[in-house]
Amino acid sequence: MKLAKSKTAKILKILIDKFEQVPNSLDDQIFVCEKSIEFAQKEKRMFLKNSLTIKLANLHYQKKQYKDSLNLINVLLTEFKKLDDKPSLVDVHLLESKIYHKLRNLIKSKAALTASRTAANSIYCNIMRTFQFCNIMRTFQFCNIMIIFHTLGKKLFYSLFAYFGNCRIRNFGSLRNI
């Protein structure tokens, strides 16, 4: 039985997403993702490979294998910049920021957030993407507010807070054009 490329990709993504609900299966999920990436590469399905690689980087992040995740992210960033895939760039930069934040490298974390904001501002954001982006930013702000406050100092913290507030206002302001 042969399936169309889009149908195969959809089924594979659904199965991997459902597999996420199985408790204590992180190692198995990583294995399945790696094998799925090999399949996608063999079949020359680059968009499927890239989306699965994002998923694999996220799984490595969840397992606290930050170096493996960063290696995958670096490869993805070069590919997405070549393809000019801005929505995927936003997702990858946000994941990169979370990883650097866990590693306590706040300078690189802030740089990744800035790159994510730049990519997000250069694309047309639909309503759900804008709300998702703002919710991630708000979560990043409030969950880590004390770490940022103590690390950066009061003055830099307020400028960072204003920076993300400005980002949210701009994104919500763009909703009027829809």
Side-chain angles (χ1 to χ4, degrees), residues 13 17 20 26 29-30 33 37 46-47 49-178:
K13 285 180 185 178
D17 287 341
E20 197 174 87
L26 208 51
Q29 289 179 45
I30 289 172
C33 254
I37 290 170
M46 298 315 290
F47 289 107
K49 178 192 151 280
N50 290 339
S51 65
L52 290 172
T53 306
I54 293 173
K55 180 75 172 168
L56 181 61
N58 203 357
L59 290 171
H60 281 302
Y61 168 74
Q62 290 174 7
K63 195 164 181 190
K64 298 181 179 168
Q65 296 173 338
Y66 302 126
K67 188 173 181 176
D68 294 334
S69 187
L70 283 173
N71 290 337
L72 290 170
I73 284 172
N74 289 331
V75 171
L76 283 171
L77 286 175
T78 56
E79 283 190 41
F80 288 142
K81 286 177 185 174
K82 285 180 197 173
L83 295 172
D84 199 33
D85 188 0
K86 301 292 185 185
S88 297
L89 266 175
V90 171
D91 294 337
V92 172
H93 279 302
L94 286 173
L95 179 59
E96 180 186 26
S97 175
K98 290 193 309 188
I99 291 169
Y100 280 127
H101 185 263
K102 287 286 186 182
L103 294 173
R104 302 282 189 233
N105 191 341
L106 295 179
I107 294 170
K108 286 189 177 182
S109 178
K110 183 181 174 188
L113 279 176
T114 303
S116 177
R117 178 179 174 241
T118 303
N121 283 336
S122 68
I123 60 176
Y124 173 76
C125 293
N126 63 17
I127 294 173
M128 293 309 291
R129 173 73 69 179
T130 303
F131 284 133
Q132 180 186 15
F133 182 78
C134 292
N135 283 335
I136 290 170
M137 291 299 199
R138 188 174 32 233
T139 302
F140 181 81
Q141 278 176 283
F142 294 120
C143 290
N144 305 308
I145 204 164
M146 294 309 291
I147 295 169
I148 293 171
F149 184 73
H150 290 299
T151 306
L152 298 177
K154 200 175 217 176
K155 186 175 181 182
L156 200 53
F157 167 76
Y158 286 123
S159 66
L160 185 65
F161 189 79
Y163 175 78
F164 288 124
N166 185 22
C167 174
R168 275 204 318 244
I169 289 168
R170 268 194 225 158
N171 282 329
F172 281 121
S174 71
L175 291 176
R176 288 186 215 138
N177 299 332
I178 296 175

* Structure fact -> NE2 of H60 to NZ of K67, rounded to nearest 0.5 Å, is 13.0 Å
* **Rounded distance [0.5 Å steps], NE2 in H101 versus OH in Y66** => 11.0 Å
* OG/S109 to NZ/K98 distance, rounded to the nearest 0.5 angstrom? -> 11.0 Å
* Sequence neighbours left out, what passes side-chain hydrogen bond (donor to acceptor under 3.5 Å, both in side chains) with N58? Give chain and number order. => none
* Structure fact -> Hits for side chain to side chain contact (heavy atoms under 4.5 Å, CB included) against A57, two or more places apart or cross-chain, chain-then-number order -> S69, L72, I73, L95
* Structure fact -> The side-chain contact (heavy atoms from CB on, under 4.5 Å) partner of L76 among D91, N71, T53 is T53
* If you measure from OG on S88 to NE2 on H93, what distance do you get to the nearest 0.5 Å? -> 11.0 Å
* To do: Please tell me if the side chains of K55 and D17 come closer than 4.5 Å, counting only heavy atoms from C-beta onward.
  => yes
* To do: For side-chain contact (heavy atoms from CB on, under 4.5 Å), just list the numbers for I99 and K102, CA-CA rounded to whole Å, side-chain angles, deciding distance to a tenth of an Å, and then say yes or no.
  => CA-CA 5 Å; I99 291 169; K102 287 286 186 182; 5.8 Å; no
* To the nearest 0.5 angstrom, please state how far the CG atom of D68 sits from the CG atom of L56. => 8.5 Å
* At what distance, to the nearest 0.5 angstrom, does CG of L59 lie from CD of Q65? -> 9.5 Å
* Return each pair, listed once, that meets salt bridge (Lys or Arg N to Asp or Glu O under 4.0 Å) where at least one residue sits in residues 73-84; pairs must be two or more places apart or across chains. => K49-E79, D84-K86
* Do Y100 and L70 come within less than 4.5 Å of each other through their side chains, counting heavy atoms only? -> yes
* Asked: Mind checking whether D85 and N50 have side chains closer than 4.5 Å, heavy atoms only?
  -> no
